[in-house]
Amino acid sequence: MSPFKNLIAATAILLMLSARTSGDSTSPPPHQARIAELLARMSLQEKIGQLNMRGGGQPMDVNPGMRDQNLNELLGEIRSGAVGSLLGANGADYINKLQRCAVEESPHKIPLLVGNDVIHGFRTIFPIPLGEAATFQPELIERAATVAAREARAAGTNWTFAPMIDVCRDARWGRIAETAGEDHYLGALMAAARVRGFQGDRVDAPDRVLACGKHYVAYGAPEGGRDYNTVDVSMQTLHEVHLATFHTAVRAGVASMMTSFNEINGVPASGNEYVMRTVLRGDWAFGGFVVSDYNAIPEMILHGYAADRADAAAKALRAGVDIDMCGFAYRDELAGLVASGRVSEKLIDESVNRVLRAKASLGLFESPYSDSSLEKRTLLAAEHRALARDIARRSMVLLKNNKELLPLPKSIKRLALIGPLIDSRRDPLGTWACYGEDQNVVTVRAGLAAALPQTEILTARGCDVRGESPFGVDEAVVAANAAEAVVLVLGESEDMSGEGHSRASIELPAPQLALAKSLFDTGKPCVVVLLTGRPLAIPTLAESAGAILCAWHPGTECGHAIADVLLGDFNPAGRLPATFPRATGQIPIHYNHKNTGRPPTADRYTSKYIDVAWTPQYSFGFGLSYTTFAYSDLRVEPATVDADGSIRISVNVANTGRRDGEEVVQVYFRDPIASRTRPVRQLCAFERVAIAVGQSKCVEFSISADLFAFYNWDMKRVVEPGEIELYVGGNPADGLKTSVQVIDAIAR
Ligand code: BGC
């Protein structure tokens, strides 16, 4: 590894991400003359059409007459210029047909934006984003996004509603699956990586798509973990945590942003002038366009923020939403609002200008069509699957490995493979795998069978994923007793996480728990593999399983990747991007909490529970390996640093076990005394390094003191003078300690 390779990771989220697309507001907008000329020719209705997104999916009605009628209706709207963008259209031929209607038959021949939720792959499905984050390898996730963009664009999509960059500290929320977890530093690096992967250097290349940072903002902090629920956060936390990933995405050149469904401190995101005009367009100089979430503009009526659809449309446009996603408030109300003087046409022109610029940046005016032969060659290409397998195994987190039960020996004669998910094809794809196909998924059974051709695999389902009670425990126990070891696959079906799928209890469903207990009672060595879309509360497994591997929802290559890890062809090194609590009632629980005036001790009157330990089951940053690592020689220089300077940290990491392996070296800091209290730990650098058995590596980081900044009581972003403690190790709980003195304060 080259010295100070982490310069990019540690200091340059803020400095080195150059803007490259229509999000770039520092260079003169390209194609401006053509756009100005076009805008001058457009009627008000046609301009409003550019701000209207409607569903564009292939009509599915069984009745062919109905189907044709629906398609004709869609084509009619496109032809009249009433639609600027589509949601959910798929397939090069179909999209070409719609595009042809727009560019040959609509009044000003303006091509369509075609948006889709390409969240963790298009046809080749990668692990859910929470799993991707567990790799702690942003550069790899950039490659996954590149593959997703290549497949999506080949199939006609030119805009993805990704990356999803909400920060979430509440595993009840179903959409934690789509996030990079609880930490905004890790989330910011993942956000930038995905933006680069989707958009590349030139978004008009035939294998790139516009990215969309969503959901702006603080959608990941709903009260009670309930989707769409109220968000009430301090302005400091809003800026330090929730806005941070979006700011990084803007610096990386993200072309668009999507508003969130929630309100922020009383003002719904889609009508929130502060977050859109003051912060996004003002402070950050974002030059791209903003789309509302689905129907979010009229929903401001139910929020109690808009009187009616016209009021909602006016408030959204004034606040800075350019495109109305399927709410049709712009389509129906904007002309009247202009006529009555409540909305100025100039505001509409500004929004249309941004939308047209995005279309021009994609090269759509010159080449609006996709090549359908490319689609066939691109989707699910062998190298895409190979990358999906590699990322899936890199995402897996070894949570427990008693007496080195894993890896299992390939010489095993009889293995029991048990659980409700062993043959599932849909569930391993996870949430938002819209264009992933079940038939391409390698099941857990198929993966293990391929890797163990000489082994007899005895299978039993045991129970349903959910449901009342287990139905096949006896059969499962018979299989376990006849085998040398058990692989028990438990967790969540794909519909137990994702949008609108929050859970009030994140414990294992009762039938699965009963099945697990019966198998533990057999005394057979038992490895639990968790397929899950979120952290789970698994105290019984943590206590009684021989080994636990968290595999998330790993995507198309599920079975192969799991076999690679279980059998030792790949030594796991994934780390948790979100904390696993011991019980749902501990939520919110996250590693970067505050200390309180009474941090937990054995004393009664300290900050803890009477019925459950206060510590997490498995913390953010935690993950085991089949080998062990030892840290030594931690150095920091210089010993004092200006607030606008940077420090260098180096540490020696030795592989002290019996296998080659990878270690995620993590650097945390703590500001022990500040004018506003700071978290007990904050991640500020990491690197996943490969170290051969018996070898050691000097791992070096350069960390900008700007990362120690926070918002003070007066909402000034400050780096205060004083000691900063630094911790370097394999997770936030332990590690070597040093410190540095910040000698000069700054406030911005
Ligand atoms: C989701 C968005 C998604 C949109 C379009 C909404 O319900 O919140 O994340 O991009 O639908 O599918």
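FYI, the numbering just counts along the sequence from 1. What you see below is based on every heavy atom in this structure, not just the backbone, and it leaves out hydrogens, waters and symmetry mates. Both ligands and their constituent atoms are indexed starting at 1 by order of listing.
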Q: Should Arg208 and Asp204 count as an ion pair when the cut-off is N to O under 4.0 Å?
A: no
Q: Would you say Lys214 has any N or O atom under 3.5 Å from an N or O of ligand 1, going by distance alone?
A: yes
Q: Quick one: which ligand 1 atoms are inside 4.0 Å of a heavy atom on Leu87?
A: 5 (C), 12 (O)
Q: Could you check whether Trp159 and Phe289 have their ring centres less than 6.0 Å apart?
A: yes
Q: Among all protein heavy atoms, pick out the one at the shortest distance from atom 3 (C) of ligand 1; state its residue, atom name and that distance to 0.1 Å.
A: Asp117 OD1, 3.1 Å
Q: Number the atoms of ligand 1 from 1 as they appear, then name those within less than 4.0 Å of a heavy atom of Phe161, with their elements.
A: 10 (O)
Q: Can you tell me how the ring of His247 sits relative to the ring of Trp284, calling it parallel under 30°, perpendicular over 60° and tilted otherwise?
A: parallel
Q: Measure the distance from atom 1 (C) of ligand 1 to every protein heavy atom, then report the residue, atom name and distance (to 0.1 Å) of the closest one.
A: Glu499 OE1, 3.2 Å
Q: Taking only heavy atoms of Arg175, which atoms of ligand 1 are found under 4.0 Å from at least one of them?
A: 1 (C), 2 (C), 8 (O), 9 (O)
Q: Could you pull out, from Met325, Glu178, Met164, His215, the option with a heavy atom nearest to atom 9 (O) of ligand 1?
A: His215
Q: Quick one: nearest non-hydrogen protein atom to atom 2 (C) of ligand 1, plus distance?
A: Asp293 OD1, 3.3 Å
Q: Would you say the side-chain atoms of Glu499 and Tyr228 include a donor-acceptor pair closer than 3.5 Å?
A: yes
Q: Are Glu182 and Thr579 linked by a side-chain donor-acceptor pair shorter than 3.5 Å?
A: yes
Q: So, Ser372 versus Asp93: side-chain donor-acceptor pair below 3.5 Å or not?
A: yes
Q: Please tell me whether Tyr219 and Asp293 have a donor and an acceptor in their side chains that are separated by less than 3.5 angstrom.
A: no
Q: Heavy atoms only, cut-off 4.0 Å: how does Tyr228 contact ligand 1, side chain, backbone, both, or neither?
A: neither
